[in-house]
Amino acid sequence: AQSVAQPEDQVNVAEGNPLTVKCTYSVSGNPYLFWYVQYPNRGLQFLLKYITGDNLVKGSYGFEAEFNKSQTSFHLKKPSALVSDSALYFCAVRDKRDGGFKTIFGAGTRLFVKA
Amino acid sequence: DGGITQSPKYLFRKEGQNVTLSCEQNLNHDAMYWYRQDPGQGLRLIYYSQIVNDFQKGDIAEGYSVSREKKESFPLTVTSAQKNPTAFYLCASRAEGLGNTEAFFGQGTRLTVV
């Protein structure tokens with residue numbers, strides 16, 4: 001069965017420091033991987049995705065993520081955090097084998113960036 | 001201005017009432033989804049539709065119903081059979097294809113039972 005784990009409920013980081021939000025996944029086949037961000041009382045916004053090719057993916061607002069097949073991970077990173085990055089972050093996975101229709105979301109990680 | 005619109009933003013339901021949440025998109029997407037979001041549980045799939053006049057149950061379909069009579073519209077009805085309907089509901093759409101496209105989300109509807 002497909003699953004996504006975000007092991008940290010909350011991540012705290014000081015403004016200007018690098019940030020990492022962790023994600024590990026389990027799928028039977030090869031995955032499509034996504035990161036989304038959610039601000040309070042809003043819908044999710046797409047940040048970036050891994051489909052194939054280069055393991056380092058760059059996305060919106062200076063975020064990037066690295067696909068690691070051996071560790072089945074897709075951690076979200078940013079070199080220098082901003083207070084405005086404070087939000088709820090979701091990792092998501094789709095299995096290519098079933099046509100990639102059904103998306104599984106992690107439980108979310110709340111990021112706090114302190115000024 | 002393309003996007004996906006949910007209404008209303010806030011909705012209050014009395015015990016035993018059915019209520020319908022609206023979701024409209026002008027992105028020309030074939031696939032549409034309804035998710036329920038509860039604190040600490042991420043998003044859970046209620047129903048999805050790949051094409052007009054067709055839809056499938058997700059992981060938590062009991063107590064919910066949907067229709068897909070038009071490509072642009074995918075309304076969700078929360079019936080009285082749903083025992084714990086208080087939650088944040090999110091509608092999403094996606095361009096169908098090889099599965100590598102990202103989803104676009106509406107702003108959500110917060111449903112509260114009073």
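Letters A, B, ... are given to chains in the order of the sequence lines, protein chains preceding strands, and every chain is numbered from 1.
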Looking at [X] and [Y], would you say the former's side chain and the latter's main chain have a donor-acceptor pair under 3.5 Å?
X: Thr79(B); Y: Asn18(B); answer: no
X: Gln82(B); Y: Asn84(B); answer: yes
X: Thr109(A); Y: Glu8(A); answer: yes

Chain B contact via [X] - which portion, at a heavy-atom distance below 4.5 Å:
X: Gln6(A); answer: neither
X: Tyr50(A); answer: neither
X: Asp9(A); answer: neither
X: Leu88(A); answer: side chain

Given that the side chain runs from C-beta out, which part of [X] has a heavy atom under 4.5 Å from chain A: side chain, backbone, both or neither?
X: Tyr35(B); answer: side chain
X: Gln6(B); answer: neither
X: Ala103(B); answer: both

For Thr72(A) and Thr24(A), does a side-chain donor sit closer than 3.5 Å to a side-chain acceptor?
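No pair is found: no donor N or O on one side chain lies under 3.5 Å from an acceptor on the other.
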Compute the centroid of each ring, for Phe90(A) and then for Phe105(B), and state whether the two points are separated by less than 6.0 Å.
no
Arg44(B), Arg110(B), Gln37(B): which one forms the most heavy-atom pairs within less than 4.5 Å of chain A?
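Most heavy-atom pairs within the cutoff with chain A belong to Gln37(B).
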Option from Val57(A), Leu48(A), Thr20(A) for which side chain to side chain contact (heavy atoms under 4.5 Å, CB included) with Leu76(A) holds:
Leu48(A)
Do you know which of Gln38(A), Arg110(A), Gln45(A) has the most heavy-atom pairs under 4.5 Å to chain B?
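Ranked by contacts with chain B, first place is Gln38(A).
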Rounded to the nearest 0.5 Å, what separation is found between the CZ atom of Phe74(B) and the CG atom of Leu21(B)?
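Nearest 0.5 Å value for the CZ-CG distance: 12.0 Å.
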